[in-house]
Amino acid sequence: MTDIIAASVLAAVPLLLAALGGIIAERAGVLNIGLEGMMLSAALVAAWVAASAATEVAGIAAAVGIGLVLGLSLGGIMVALRGDQVVVGIAFNILALGLTSYALDVITGRGGLQALSVPSGSIRARIPGLADIPWIGAFFDQHYLAYVAYALVPILFYALFRTGLGTRLRACGEFAEGARATGLNVLRTRILAMGASGVLAALAGAYLVVGDIRLFQQNMSGGRGYIALAVIILGRWAPFGSLGAAALFGASVAISFDVQARGVGIPSQVVIAMPYIVTLIAIAIAGKRARPPAEEGRPLQLSN
Amino acid sequence: MNVVPGSSANGPAGTGRSLSVKGLVKHFGRVKANDGIDVSFSSGEVHALLGENGAGKSTLIKILAGVYHQDSGEILIDGQPVRIDNPSHARRHGIAVVHQHSTLIPRLSVVENVSLQEGGAGPLDRTLAQRLVSTAERLGFELDPSSDVETLTVGDRQRVEIARAFLADARFIILDEPTTILAPTERDALFGLLARLASEAVGVVFVTHHLREAIENSERMTVLRRGTVVGHFKRAAIPSERELVRLMVGELDLAGRSLAQTDAPRTDETTTECIRIAGVSGAPEDGRPLHGLDLSIRRGEVLGIAGVEGNGQQELAALLTGAWAPAVGSIELEGRPLKNVPSGERIKLLGDVPDDHMFATADELTVWENVGLSEMAWWRARTPLNTRFFRQVARERVREFDIRTPSVDGLVGQLSGGNRRRVVIARELSKQLKILVASYPTKGLDVRSAEQVKRWTRELAESGTAVVYMSSELEELIEVSDRIAVLARGRIAGVLATGEATVDTIGALMLGATGVRATGGPEITPSGREDGPDSPSGQS
């Protein structure tokens with residue numbers, strides 16, 4: 001059981017981080033399909049820099065930097081240049097997959113796998129006391145980025161719903177024309193929201209590397225960025241909701257691993273497809289009641 | 001007493017502060033929306049800005065709000081010229097505008113909406129809700145700061161916007177047509193609130209085209225027509241209502257001109273009835289009520305609809321186009337109840353040129369797609385052959401209707417307003433119409449275009465179509481119509497045939513529309529006033 005919980009957290013943390021990033025963008029009115037590509041790019045950068053600098057922290061910092069740059073640039077294209085948000089996001093994801101695969105070949109060709117391996121070191125940060133509680137102790141014996149993810153849930157909730165900043169952000173995502181009439185700079189707000197979104201997606205990508213296999217692999221995000229979009233919908237664009245949804249998806253991944261390991265007589269392909277099947281079912285169920293921010297995905301068109 | 005933000009040295013409010021404009025000019029393309037406007041507003045006073053559609057009221061307000069910037073002329077506060085380049089500038093100068101359509105964010109709560117303006121980026125101010133409630137109390141109404149704006153009525157939203165402006169120490173609160181979206185009871189409440197604001201030393205300006213509203217609720221009144229000020233009155237010196245109507249709709253020199261002088265009668269007894277409306281009462285959603293409306297429109301005639309705007313024109317258009325099916329009364333198209341005509345057939349038979357072209361074109365589609373929109377169907381899929389056909393047809397219509405576009409492949413959204421209207425007219429007039437409903441089709445058009453629209457309308461009628469033509473220009477109505485029906489408070493105040501229709505006779509009926517004449521029909525204000533025997537109170 002402890003194993004399943006540990007595996008659930010491992011699977012849920014990147015989904016949660018990416019989903020929180022997605023929430024920031026979508027609440028401001030931008031549909032950030034590029035979460036997937038941002039995760040993947042950040043994962044590569046995290047591994048590469050961590051390997052080169054021989055410290056994990058440098059890798060994470062570099063990933064955050066690239067996430068910010070990617071978020072702001074994609075935001076610029078989607079918001080300022082009014083590129084179609086879905087098309088730009090998907091095109092970016094395809095580009096990111098191609099570029100990271102190519103970079104993987106080049107870097108491993110030159111320096112071998114070592115060039116993309118995070119140097120060894122303790123990746124667990126046990127919280128004394130809490131980690132010893134049976135079962136749920138597994139939540140407190142994780143990589144420190146997992147605690148960052150836990151903490152971000154209430155922080156983002158507070159920022160979105162209890163501060164002026166969050167209120168402004170939501171105003172831009174609900175009614176751009178009205179937000180502008182009250183004197184807000186909708187364009188700037190949305191681009192900055194995309195920047196923040198990129199940073200969180202990058203943390204998710206970095207976690208894939210440093211929190212788990214400590215190595216970069218081709219397409220290692222494996223569609224998690226897309227699942228994060230489903231997590232957002234299921235969590236109704238709210239941080240705590242997304243925490244629950246991410247936990248559900250994490251658990252479905254962990255259980256499918258467990259089932260595979262026990263060798264139950266189900267074809268392994270079906271088992272591997274579990275998280276995606278759960279996604280489809282969850283969205284189908286939640287779809288009716290889901291009510292996205294009114295301006296989500298709409299290009300910014302203000303009179304004058 | 002409130003203190004003006006950023007200029008607290010000026011001391012308490014209400015010490016003769018004024019907001020004025022001098023020689024304000026604003027063009028939109030070739031249309032002069034504001035043509036040298038001079039007007040001055042003072043604090044502590046309710047000032048009505050009166051004028052017909054397109055008189056330039058909204059443009060003036062949008063300039064003061066910082067939404068538009070004037071081509072020339074200046075804005076002065078207490079005699080000092082100020083620059084207003086954007087909405088925040090306006091607010092800094094103490095000018096708050098309540099636009100016709102609410103700018104509140106629907107899915108944020110009332111207090112969150114107010115905090116967008118009041119608060120910083122940090123934690124929300126917990127005292128704001130309380131301050132908002134007490135502001136509302138001071139202004140004489142209640143509000144729940146925690147409810148979501150989307151759950152509020154339009155009247156509540158308006159009050160929230162007013163409270164927000166007052167809380168922000170606005171010195172001048174300007175309301176753009178605040179009553180058009182309100183139910184009659186809410187209108188009374190609004191004017192009570194405006195008077196309250198004035199007593200708090202706020203300068204209140206409201207835009208209206210309802211004469212009575214202006215007369216009853218303002219201390220000062222400015223009448224605009226065609227972008228200029230044509231009259232300016234204090235409460236004590238307001239001229240006769242008839243005079244005001246003439247100022248608003250203009251063409252004083254036309255008095256006495258009759259239909260007989262324009263053309264021979266173009267309909268005769270042999271033409272058959274196209275549309276019959278019998279006893280229609282009630283109101284569409286967000287509309288004003290019609291009361292026992294009877295109207296018959298014959299094939300091949302142009303029936304002009306006169307009346308001060310907001311007396312049932314929109315509702316009549318909705319009725320005729322089938323957008324609204326009334327609960328009381330009937331409407332028949334050549335003997336068939338309109339509601340029994342399938343919508344596919346209706347689209348082919350009923351032409352609609354709405355008064356706002358924004359609702360009538362698909363701006364992201366090309367000119368040829370828009371022109372052919374109503375003829376496209378699944379069996380006319382976008383094969384190269386069909387596309388060629390549609391583009392060819394569109395090219396002809398572009399020529400025929402003089403649409404100024406680089407090519408038929410240009411996006412309609414990139415055309416000017418007048419050309420977009422031409423696209424709509426081209427589309428509607430290419431159908432085999434039984435009836436065309438043209439709502440203010442020449443609004444905002446320059447003289448040449450307006451002449452063309454009138455000519456096309458006549459030609460269409462001569463080909464046997466029944467045309468319902470609404471306009472705020474009496475001269476234009478007399479010129480284009482065979483008969484003119486005057487709408488007043490949701491009723492037909494009279495139908496004038498050839499020879500009877502003059503600016504005077506129409507004006508007299510329109511005066512009834514403003515409710516000035518004691519002999520007018522029952523009031524639509526449901527304030528328990530004595531209604532006539534034919535009162536519509538049965539349907540509440």
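Note that this is a predicted model, so its numbers are computed, not measured. Order of the sequence lines sets the chain letters (A, B, ...), proteins ahead of strands, with each chain counted from 1.
- With rounding to the nearest 0.5 angstrom, the CZ atom of F175(A) is 6.5 Å from the OG atom of S102(B).
- Only the side chain of Y158(A) comes within contact range of chain B, judged by heavy atoms closer than 4.5 Å.
- With a threshold of 4.5 angstrom between heavy atoms, L108(B) approaches chain A through side-chain atoms but not through N, CA, C or O.
- The stretch residues 19-32 of chain A participates, sequence neighbours left out, in these side chain to side chain donor-acceptor pair (under 3.5 Å) pairs: E26(A)-W237(A), N32(A)-S197(A).
- Interface remark: S88(B) contributes side-chain atoms only to the contact with chain A (heavy atom separation under 4.5 Å).
- You'll find the side chain of R180(A) stays beyond 4.5 Å of the side chain of T103(B), heavy atoms only.
- Taking CZ of R170(A) as the reference point, atom CZ of R107(B) lies at 10.5 Å (rounded to 0.5 Å).
- Residues meeting the side-chain hydrogen bond (donor to acceptor under 3.5 Å, both in side chains) test with R162(A), sequence neighbours left out: none.
- A salt bridge links E150(B) to R291(A): one of the charged nitrogens lies within less than 4.0 Å of a carboxylate oxygen.
- For A159(A), no part lies near chain B; criterion is any non-hydrogen pair under 4.5 Å.
- In this structure, the separation between CD1 on I105(B) and OG1 on T167(A) is 10.5 Å, given to the nearest 0.5 Å.
- No other option in Q117(B), R164(B), E112(B) has as many heavy-atom pairs under 4.5 Å with chain A as E112(B).
- Put simply, of P293(A), G183(A), A171(A), A181(A), the one with the most heavy-atom pairs under 4.5 Å next to chain B is A171(A).
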